Amino acid sequence: MSAPLYNRDILALAVATADFPLLTDARRASLRAPLCGSRIIVDVDADEDGLVRGVGLHVEACALGQASAALLARHAAGRSAADLHAARDAIASWFAGEGERPDWPGFDLLAPARDYPARHGAILLPFNAAVAALESAEVRA
């Protein structure tokens, strides 16, 4: 028997996005998942070495997309753009049936969504946006 797609832990993470308000003086990316219509704004504050200091979020997505965003924001500090690229690629590969479950703290809570391809875009969206924000040359004041 598989785990339920939506559970108390997922819903708790979904509301945790409120703990990460949008930032000033940060790199920003705004993306939309075409399949499900989820939208996200991610602000990433990085130091001069490119390590993440903080993440701000505005998420319009299902509970799984919101939970993924909260996991990203909770565990991004101290990571580099390469780390976020690797996490995003590992998630996408795992969703495609390749490789092990991604090694991102708390991602085990999202494991039941692997069997629901329509939710993959919403779960990947925060990681895609964080990578895009770090690749942006502009810092939003």
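Any value given below was found using the heavy atoms of this structure, including those in side chains, with hydrogens, waters and symmetry copies removed. All values derive from a computational prediction rather than experimental measurement.
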Is the shortest heavy-atom distance from the side chain of [X] to the side chain of [Y] under 4.5 Å?
| X | Y | result |
| --- | --- | --- |
| Asn128 | Arg88 | yes |
| Arg32 | Glu60 | no |
| Ile91 | Trp104 | no |
| Leu109 | Ile10 | yes |
| Tyr6 | Cys62 | yes |
| Arg101 | Asp108 | yes |
| Phe127 | Val42 | no |

Between [atom1] on residue [X] and [atom2] on residue [Y], distance to nearest 0.5 Å:
| X | Y | atom1 | atom2 | result |
| --- | --- | --- | --- | --- |
| Ile41 | Ser30 | CD1 | OG | 4.5 Å |
| Asp47 | Arg53 | CG | CZ | 5.5 Å |
| Leu110 | Leu71 | CG | CG | 5.5 Å |

- Message: Please determine whether side chain to side chain contact (heavy atoms under 4.5 Å, CB included) holds for the pair Val52 and Asp83, giving the CA-CA distance in whole Å, both sets of side-chain angles, and the decisive distance to 0.1 Å.
- Response: CA-CA 10 Å; Val52 175; Asp83 295 333; over 6 Å; no
- Task: Test Leu84 against Leu134 for side chain to side chain contact (heavy atoms under 4.5 Å, CB included), laying out the working first.
- Result: CA-CA 9 Å; Leu84 295 181; Leu134 284 170; 3.4 Å; yes
- Let me see the working for Phe20 and Arg74 under side chain to side chain contact (heavy atoms under 4.5 Å, CB included), right down to the final yes or no. CA-CA 9 Å; Phe20 304 96; Arg74 280 186 179 172; 3.7 Å; yes
- Query: Taking a hydrophobic cluster as the set of Ile, Leu, Val, Met, Phe, Trp and Tyr residues connected by side-chain heavy atoms closer than 4.5 Å, whether directly or through intermediates, do Leu125 and Tyr116 fall within one such cluster?
  - Reply: yes
Does [Y] offer a backbone N or O that forms a donor-acceptor pair with the side chain of [X] under 3.5 Å?
| X | Y | value |
| --- | --- | --- |
| Asn7 | Asp9 | yes |
| Ser68 | Ile123 | yes |
| Ser93 | Asp89 | yes |

I need the minimum non-hydrogen distance between [X] and [Y], along with the two atoms involved.
| X | Y | value |
| --- | --- | --- |
| Ala14 | Ala63 | CB-O, 3.8 Å |
| Ala133 | Val44 | CB-CG2, 3.9 Å |
| Ala130 | Leu72 | CB-CD2, 3.8 Å |
| Ala113 | Leu64 | CB-CD1, 4.1 Å |
| Arg79 | His75 | NE-O, 2.6 Å |
| Leu57 | Ala73 | CD1-CB, 3.8 Å |

- Task: Step through the shown structure and confirm whether more than 12 heavy atoms of other residues, nucleotides or ligands are within 6.0 Å of CG on Asp103.
- Result: no
- More than 12 non-hydrogen atoms from neighbouring residues, nucleotides or ligands closer than 6.0 Å to CZ on Arg39, yes or no? no
- Hey, what's the ring geometry for His120 with Phe95, parallel, tilted or perpendicular (30° and 60° as the breaks)? parallel
- What's the verdict on side chain to side chain contact (heavy atoms under 4.5 Å, CB included) for Arg114 and Arg119, showing C-alpha distance, side-chain angles and the deciding distance? CA-CA 8 Å; Arg114 186 176 186 193; Arg119 299 291 183 241; over 6 Å; no
- Query: Are Arg28 and Asp43 ion-paired here, with the side-chain N under 4.0 Å from a carboxylate O?
  - Reply: yes
